[in-house]
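We're numbering straight along the sequence, starting at 1.
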Amino acid sequence: MIMQGYDMEAAVLFIARAMRKAGHKIAQEELEGFIRRAIEADMAYMREIDVIDEDGLMGEGEYDDDDAFEALLDILGEGTDDEDELGEIAQMLDSYMTAQQDFMEASGLME
């Protein structure tokens, strides 16, 4: 379940555009796949800490950017032992998180 009012397709396009501007030069299909995995991991994290409930509505929890980054990096980097690859994932995740916040603000989903 994703957050109610969250448009996955619009988010992927918005975030991909922002990540391109940030200098990420990977194939579009690979970039969009990364973004979709990041969104799914992000939504799961938000459910886990009760930022959103099972119905995708606002919960009582608070989103901490640093904790979220670590949780998402663990998920997106799972099975990767190569430090250079993990560094690349971390850079992409940092860009994703900035763009995701911008998208959610533009969509009226953040207070």
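- Separation of atoms CZ (R47) and CE (M3) is listed at 10.5 Å; rounding is to 0.5 Å.
- Looking at D50, its side chain does come within 3.5 Å of a backbone N or O of E60 through a donor-acceptor pair.
- If you chain together hydrophobic residues whose side chains sit under 4.5 Å apart, L13 and F34 never meet in one group.
- A donor-acceptor pair under 3.5 Å links the side-chain atoms of Q4 to the main chain of D55, judged by distance alone.
- The ring pair (Phe, Tyr, Trp, His ring centres under 6.0 Å) test applied to Y6 returns F103, not counting sequence neighbours.
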**Request:** Start with the C-alpha gap between Y45 and D74, add the side-chain angles, then the distance that decides, and say whether side-chain hydrogen bond (donor to acceptor under 3.5 Å, both in side chains) holds.
**Result:** CA-CA 11 Å; Y45 172 75; D74 286 347; over 6 Å; no

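- Note on M8 and M43: same hydrophobic cluster, where clusters join Ile, Leu, Val, Met, Phe, Trp and Tyr whose side-chain heavy atoms are under 4.5 Å apart, directly or indirectly.
- Across G5 and L109, no two heavy atoms sit closer than the pair O-CD1, 3.9 Å.
- Put simply, I49 and I75 are part of two different groups of oily side chains (I, L, V, M, F, W, Y) that touch within less than 4.5 Å, one to the next.
- Remark: I52 CD1 to D42 CG distance equals 8.5 Å, nearest 0.5 Å.
- Counting heavy atoms from C-beta on, the side chains of L86 and D82 never come closer than 4.5 Å.
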**Message:** Before you tell me yes or no, could you show the steps for I89 and E85 under side chain to side chain contact (heavy atoms under 4.5 Å, CB included), namely the whole-Å CA-CA distance, both residues' side-chain angles and the distance that decides it to 0.1 Å?
**Reply:** CA-CA 6 Å; I89 292 169; E85 189 174 340; 4.3 Å; yes

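- In this structure, CG in D102 is found 9.5 Å from CD1 in I15, a value given to the nearest 0.5 Å.
- Side-chain contact between R36 and E9 is present, with heavy atoms from C-beta onward closer than 4.5 Å.
- Once rounded to the nearest 0.5 Å, the distance linking CD1 of I2 with CG of D7 reads 8.0 Å.
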**Item:** Chi angles and distances behind the side chain to side chain contact (heavy atoms under 4.5 Å, CB included) call for Q91, E88
**Value:** CA-CA 5 Å; Q91 288 177 351; E88 174 85 13; 4.2 Å; yes

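- With rounding to the nearest 0.5 angstrom, the NE2 atom of H24 is 6.5 Å from the CE atom of M92.
- A salt bridge does not link R37 with E32: none of the charged nitrogens is closer than 4.0 Å to a carboxylate oxygen.
- Going from atom CD of E40 over to atom CG of L72 covers 11.0 Å, rounded to the nearest 0.5 Å.
- Put simply, the side chain of R20 gets close to the backbone of I26: a donor and an acceptor are under 3.5 Å apart.
- Hydrophobic clustering places L73 together with Y63 (ILVMFWY residues linked when any side-chain heavy atoms are closer than 4.5 Å, directly or through intermediates).
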